Amino acid sequence: MLDIRFVRENADAVKAAMANRNAKVDVDAVLELDSRRRVIVAEAEELKAERNRISKSIGQMIKEGQNAETIKAQVRDMGDKIAAFDDELRDIDAKLRDALLYIPNMPSATTPVGKDEKDNPVVRSWGEKKTFDFAPVAHWDLGAALGLFDLERGAKIAGSGFPLFTGKGAKLERALIQFMLDLHTEEHGYTEIAPPFMCNETAMTGTGQLPKFAEDMYAVPLDGLYPIPTAEVPVTNMYGNEILTQELPICHTAYTPCFRREAGSAGKDTRGLLRVHQFDKVELVKFTTPETSAEEHEKLTLDAERVLQKLGLHYRVIELCTGDLGFSAAKCYDIELWAPAQDKWLEVSSCSNFHDYQARRANIRYRNEDGKPAFVHTINGSGVALPRLVIAIMENNQNADGTIDLPEAIQPYMGGLKKLG
RNA sequence: GGAAAGGUGGCUGAGUGGCUUAAGGCGAUGGAUUGCUAAUCCGUUGUACUGCAAUAGCGGUACCGGGGGUUCGAAUCCCCCCCUUUCCGCCA
């Protein structure tokens with residue numbers, strides 16, 4: 001969430017930023033609530049100060065044996081007025097907070113201005129497109145033929161979009177997870193977290209999924225819980241309402257399944273593993289000072305890229321322009337893998353710097369050089385998401401005979417297996 | 001699911017309606033003393049919002065797990081909820 005003081009003092013900049021995002025935000029309504037709130041606060045507090053003074057003197061009078069009934073009645077009336085102010089204040093506070101929760105983050109000064117995904121610049125790429133002397137087969141056909149997954153049976157028990165992996169396909173999931181966790185913990189300095197796979201409303205609000213994106217999530221209303229759409233939610237909110245005393249940056253990696261309703265995307269990329277309701281992901285999360293967040297963001301992105309380099313997969317990094325930037329992000333790089341049978345780039349990681357936006361929502365602070373509490377910057381990115389990684393491995397490494405070569409880096413995790421099929 | 005005991009500042013731990021502006025201790029920090037260290041002594045020590053000054057300052061309000069209530073006045077009394085611990089039951 002944005003700092004209301006920032007909005008108050010930079011209203012024009014906020015409006016311009018929202019326009020660049022194509023976000024419909026009524027900044028003036030927020031400013032109006034804010035100024036109304038401050039009037040009420042001033043009046044209510046003045047009354048309270050007076051009541052406190054008189055109450056104290058009542059205590060004194062009673063001790064001296066004087067009758068205080070008249071003055072008590074007066075203060076009782078004051079109490080009614082105060083209650084009325086407090087009621088209005090509660091109401092305005094709720095409205096203001098709600099309004100602020102629906103305002104997306106300010107894009108970073110370095111984020112390119114653009115209208116939509118067509119304006120996202122390519123930052124760099126690694127490797128080259130593989131050439132085939134046969135027509136590459138789509139992963140869904142390869143997977144079915146090799147018995148790596150059984151999407152029909154997954155659909156039978158849960159619905160379409162809930163993949164069911166079998167045999168070596170299931171083992172490949174487990175192997176990739178372990179490979180990535182080992183890489184990030186042993187070579188990149190992240191501490192592993194195994195968090196809850198469900199979070200409450202407070203946590204979901206802290207990272208920005210709620211209240212705006214309730215429809216994108218599964219929910220367990222009976223218990224007030226939501227299956228997590230990403231490990232970002234538990235791993236960021238684990239420090240909610242804390243003043244961190246650890247040395248920054250704090251770097252965490254976590255494997256979790258992710259659950260997404262993908263509301264509004266029905267009918268798009270539905271085949272195979274392209275877009276599913278449940279998938280596995282290894283996430284990277286950092287908590288930094290404002291001074292180092294830009295640098296740590298770059299490093300985190302490189303850490304995610306290392307996964308793909310080690311697996312020998314051709315990828316590119318694009319930077320999201322203001323019009324395509326996610327709700328909570330100030331700056332974001334997407335990493336995309338090349339999938340030859342799809343003839344498409346597939347997003348496997350979004351590495352975002354949220355500045356203090358999530359930290360303010362979740363109330364995560366540290367002590368700055370003056371020893372004063374200040375909001376941390378949060379950064380996270382997938383390192384990386386499994387389904388499209390699996391797609392890329394399958395489609396890029398397929399042979400004419402329908403077998404799939406396993407990248408060397410993953411072979412130790414597959415019990416030395418070099419090839420599927 | 002049942003029962004009991006708890007939740008107070010960075011930590012520990014007092015506090016059952018007004019002298020609490022949350023005691024005392026520890027820690028932290030500034031200073032004095034000291035050849036250095038230790039010890040000792042003196043001072044400081046939270047968060048948020050808000051008003052005025054607009055850099056350091058001065059005032060107000062709120063905050064003792066969360067939310068309601070009683071009262072002129074609540075850390076303290078009442079109600080609901082959450083969490084922790086222990087015991088019982090159920091369970092992988």
Side-chain angles (χ1 to χ4, degrees), chain A residues 1-10 30-101 194-206 210 220-226 234 237-248 250 257 287 356-376:
Chain A
M1 137 174 90
L2 298 182
D3 185 355
I4 182 62
R5 273 172 299 194
F6 176 83
V7 178
R8 193 186 298 153
E9 288 159 21
N10 302 277
V30 169
L31 293 174
E32 209 165 297
L33 278 172
D34 174 52
S35 65
R36 176 68 188 152
R37 175 179 174 275
R38 281 186 295 158
V39 169
I40 302 289
V41 164
E43 294 193 36
E45 290 192 348
E46 200 176 320
L47 270 178
K48 283 180 187 174
E50 195 182 345
R51 179 181 67 182
N52 288 349
R53 278 194 297 274
I54 299 177
S55 287
K56 211 168 221 176
S57 71
I58 289 175
Q60 200 59 35
M61 288 170 74
I62 290 173
K63 200 168 296 167
E64 291 168 6
Q66 299 179 43
N67 185 307
E69 290 312 312
T70 324
I71 195 162
K72 269 194 194 179
Q74 275 174 22
V75 182
R76 199 173 298 137
D77 285 346
M78 272 175 76
D80 292 342
K81 276 190 208 159
I82 290 171
F85 277 126
D86 279 347
D87 283 347
E88 187 176 354
L89 190 59
R90 223 193 317 274
D91 183 54
I92 289 182
D93 274 340
K95 280 187 181 141
L96 186 58
R97 178 171 166 81
D98 195 57
L100 285 171
L101 287 177
F197 297 161
M198 298 221 256
C199 280
N200 59 30
E201 187 179 325
T202 304
M204 289 294 176
T205 304
L210 287 179
V220 186
L222 196 60
D223 298 292
L225 292 171
Y226 300 82
N237 285 286
M238 63 186 274
Y239 295 116
N241 289 319
E242 289 188 33
I243 298 176
L244 302 174
T245 53
Q246 303 89 314
E247 197 187 335
L248 300 180
I250 295 171
F287 304 82
D356 62 5
Y357 186 87
Q358 292 182 324
R360 184 171 286 107
R361 288 169 86 110
N363 193 25
I364 304 169
R365 295 178 294 173
Y366 75 110
R367 290 197 182 274
N368 64 19
E369 284 174 358
D370 299 331
K372 293 288 173 208
F375 292 111
V376 299

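Worth saying up front: this structure is predicted, and the values here are computed from it rather than measured. Throughout, protein chains are lettered first and strands after them, A, B, ... in sequence-line order, and every chain is numbered starting at 1.
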> Taking the same atom, C1', in B:rA23 and in B:rU37, what whole-Å distance lies between them?
Replying inline: 33 Å
> If you count the non-hydrogen atoms of other residues, nucleotides and ligands that lie under 6.0 Å from CD in A:Glu247, is the total more than 12?
Replying inline: no
>> Applying a 4.0 Å non-hydrogen cut-off, can you work out what A:Ala42 is touching in the nucleic acid: base, sugar-phosphate, or nothing?
In response: nothing
> When you compare B:rA4 with B:rC63, how far apart are their P atoms, in angstrom units rounded to a whole number?
Replying inline: 30 Å
> Given the P atoms of B:rU44 and B:rA22, what is the spacing between them in whole Å?
Replying inline: 14 Å
>> Work out how far the P atom of B:rU8 is from that of B:rA56, and round it to whole angstrom.
In response: 34 Å
> Just the endpoints, please: which first and last nucleotides of RNA chain B, 5' to 3', lie under 4.0 Å from a heavy atom of chain A?
Replying inline: B:rG18 to B:rG73
>> Tell me whether A:Arg90 is salt-bridged to A:Asp86, with the criterion being a basic N under 4.0 Å from an acidic carboxylate O.
In response: no
> Less than 4.0 Å between a side-chain N and a carboxylate O, is that true for A:Asp80 and A:Arg76?
Replying inline: no
>> Strictly distance-based, threshold 3.5 Å: is any side-chain N or O of A:Arg361 a donor or acceptor partner for the main-chain N or O of A:Thr205?
In response: yes
>> Between B:rU84 and B:rU21, how many Å separate the two P atoms, rounded to a whole number?
In response: 34 Å
>> For a quick check of understanding: with a heavy-atom distance under 4.0 Å over all strands, which category does A:Arg53 fall into, base, sugar-phosphate or nothing?
In response: nothing
> Does atom CD of A:Gln246 have more than 12 heavy-atom neighbours from other groups under 6.0 Å away?
Replying inline: yes
>> If we ignore hydrogens and angles and just use 3.5 Å, is the side chain of A:Ser55 paired with the main-chain N or O of A:Asn52 as donor and acceptor?
In response: no
>> Please determine whether a side-chain nitrogen of the Lys or Arg among A:Lys48 and A:Glu45 lies less than 4.0 Å from a carboxylate oxygen of the Asp or Glu.
In response: no
> So what does A:Arg8 touch, heavy atoms closer than 4.0 Å: a base, only the sugar-phosphate, or nothing?
Replying inline: sugar-phosphate
> Between A:Leu210 and A:Glu201, is a side-chain contact (heavy atoms from CB on, under 4.5 Å) present by the stated rule, with each step listed?
Replying inline: CA-CA 7 Å; A:Leu210 287 179; A:Glu201 187 179 325; 3.6 Å; yes
> What is the nucleic acid contact for A:Ile54, judged by heavy atoms within less than 4.0 Å: base, sugar-phosphate only, or nothing?
Replying inline: nothing
>> Could you tell me how far B:rC41 sits from B:rU34 if I compare only their C1' atoms? Round to whole Å.
In response: 13 Å
> Pick the nucleotide of RNA chain B nearest each of A:Arg37 and A:Ala49; which residue has the one closer to the 5' end?
Replying inline: A:Arg37
>> Need one value for A:Ile243: base, sugar-phosphate or nothing, where a base atom within 4.0 Å counts as base even if backbone is also close, heavy atoms only.
In response: nothing
> Taking both distances under 3.5 Å as the test for a Watson-Crick or G-U pair, what stems of at least three pairs does RNA chain B have?
Replying inline: B:1-7 with B:82-88, B:10-12 with B:24-26, B:27-32 with B:40-45, B:46-52 with B:57-63, B:65-69 with B:77-81
> Around A:Arg97, counting heavy atoms of other residues, nucleotides and ligands shown, do more than 12 lie under 6.0 Å from its CZ?
Replying inline: no
